Amino acid sequence: SMPLAPNRVNLIYVAGISPCNIRGGPASAMVIMDATPPNLFVDFPENNAEIAAATTDVSGRVSDSLSGFMSLTVTVNGVRASVNEGIGTNGTFFLRGLSLATDAPTTFTVVATDVRGNSTTRQITVTRVAIPDGAPMMEVIGSNGNAQSGPVNTPLANPLRVRVTRLVAGNPLPQAI
C-alpha cells in the first residue's frame, strides 16, 4: 500500500527482488489518482427557456483537468452526445433533435463522465410554447443549409438561409433579411 497524491499524476519507482535477494534495476510507473469530476456547462437551451419547436438541440462545454476532453462521455437523458475537440482540456458536446413535451415542461439531465467514472450532472427544464397568431417567425428556406455538421472552426459547405414571415399570411416582413 502506498499513499498517492490526489488529483494528479504520481511517479512511482519500483524494483524487484529475486529469491536470492538480488535487487533488479528500478522501473518507473505513472499512476493517476483522479477523484475530481469533470466540469460541465449547458449552453443551449438555457434553463427555463421557452421554445416553439417540437424538438431542440442540447449543447455545451465539458472539460477535465486530468484527462482533458478526449476521455469524456456526455449523455442527455441517457443518449450519448458527440464530444468535439476544443482548446487545451476543453471540449464541446452536442446532441440534435430531442423531443419536447406538448403538455408539460421537459427536463433534460446532462451527465459528463470521465475515464475514472467521476461524473457531474446538470438539469435544465424547457417548455414548448405555441407561436401566437400573427407573430413574426423565422423559417428555414430549403434544406441545403440546415442540419449540417463539421469540425470546429471550419466553414460549412452550404449557407443557412432563413426568412422572417408573419405566421397568419405567410408574407415576408418589409425590410427583413
Side-chain angles (χ1 to χ4, degrees), residues 2-12 27-102 104-129 137-162 177:
M2 174 181 290
L4 298 175
N7 301 314
R8 63 185 233 176
V9 176
N10 293 270
L11 185 59
I12 299 172
S28 64
M30 291 189 288
V31 178
I32 298 174
M33 200 291 235
D34 182 359
T36 302
N39 296 309
L40 173 63
F41 304 94
V42 179
D43 294 322
F44 184 84
E46 291 183 9
N47 191 34
N48 299 317
E50 293 182 337
I51 297 177
T55 63
T56 186
D57 301 336
V58 176
S59 63
R61 295 166 284 141
V62 64
S63 69
D64 190 80
S65 59
L66 287 175
S67 59
F69 67 90
M70 290 183 70
S71 62
L72 295 174
T73 59
V74 177
T75 61
V76 182
N77 290 0
V79 178
R80 193 166 183 160
S82 62
V83 178
N84 294 305
E85 178 179 351
I87 298 172
T89 62
N90 299 306
T92 59
F93 69 90
F94 179 78
L95 186 60
R96 180 185 320 278
L98 294 159
S99 296
L100 298 176
T102 56
T106 302
T107 299
F108 294 114
T109 302
V110 183
V111 180
T113 306
D114 68 16
V115 71
R116 305 281 185 237
N118 302 310
S119 64
T120 300
T121 302
R122 300 280 185 262
Q123 280 194 328
I124 57 168
T125 300
V126 177
T127 303
R128 184 175 176 190
V129 296
M137 63 177 267
M138 287 192 309
E139 63 182 349
V140 176
I141 301 171
S143 61
N144 289 345
N146 201 18
Q148 295 181 84
S149 64
V152 175
N153 294 324
T154 59
L156 295 173
N158 298 306
L160 178 63
R161 295 177 41 202
V162 296
I177 296 176

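Quick caveat, the model's predicted, so the values are computed rather than measured.
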Give a yes or no answer on whether the side chain of [X] reaches the backbone of [Y] with a donor-acceptor pair at less than 3.5 Å.
{"X": "N10", "Y": "A5", "result": "yes"}
{"X": "T120", "Y": "N39", "result": "no"}
{"X": "R122", "Y": "L40", "result": "yes"}
{"X": "D114", "Y": "L72", "result": "no"}
{"X": "T106", "Y": "A101", "result": "yes"}

*Give the intermediate values and the outcome of side-chain contact (heavy atoms from CB on, under 4.5 Å) for residues N77 and L98.*
CA-CA 9 Å; N77 290 0; L98 294 159; 5.7 Å; no

Of all heavy-atom pairs between [X] and [Y], which one has the smallest distance, and what is that distance?
{"X": "P37", "Y": "S119", "value": "CB-O, 3.4 Å"}
{"X": "S63", "Y": "N90", "value": "CB-OD1, 3.2 Å"}
{"X": "A112", "Y": "V62", "value": "CB-CG2, 3.7 Å"}
{"X": "V58", "Y": "P45", "value": "CG2-CD, 4.0 Å"}
{"X": "F94", "Y": "S59", "value": "CD1-CB, 3.9 Å"}
{"X": "D57", "Y": "R96", "value": "OD1-CA, 3.2 Å"}

Taking atom [atom1] of [X] and atom [atom2] of [Y], what is their separation to the nearest 0.5 Å?
{"X": "M30", "Y": "L11", "atom1": "CE", "atom2": "CG", "value": "7.5 Å"}
{"X": "T36", "Y": "D64", "atom1": "OG1", "atom2": "CG", "value": "7.5 Å"}
{"X": "R116", "Y": "T113", "atom1": "CZ", "atom2": "OG1", "value": "14.0 Å"}

*asked:* Set out, in order, the CA-CA distance, both residues' side-chain angles and the distance that settles side-chain contact (heavy atoms from CB on, under 4.5 Å) for I12 and L4, then state yes or no.
replied: CA-CA 9 Å; I12 299 172; L4 298 175; 3.8 Å; yes

*I124 and side chain to side chain contact (heavy atoms under 4.5 Å, CB included): which partner among T107, N47, V76?*
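Answer to the side chain to side chain contact (heavy atoms under 4.5 Å, CB included) test with I124 among T107, N47, V76: N47.
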
*Can you tell if the side chain of F108 reaches within under 4.5 Å of the side chain of T56, non-hydrogen atoms only?*
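Touching, per the 4.5 Å side-chain cut-off.
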
*Apply side-chain contact (heavy atoms from CB on, under 4.5 Å) to the pair V110 and F93, showing each step before the final yes or no.*
CA-CA 10 Å; V110 183; F93 69 90; 3.9 Å; yes

*Looking just at side-chain N and O atoms, do T127 and E50 make a donor-acceptor pair shorter than 3.5 Å?*
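No - no donor-acceptor pair under 3.5 Å links their side chains.
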
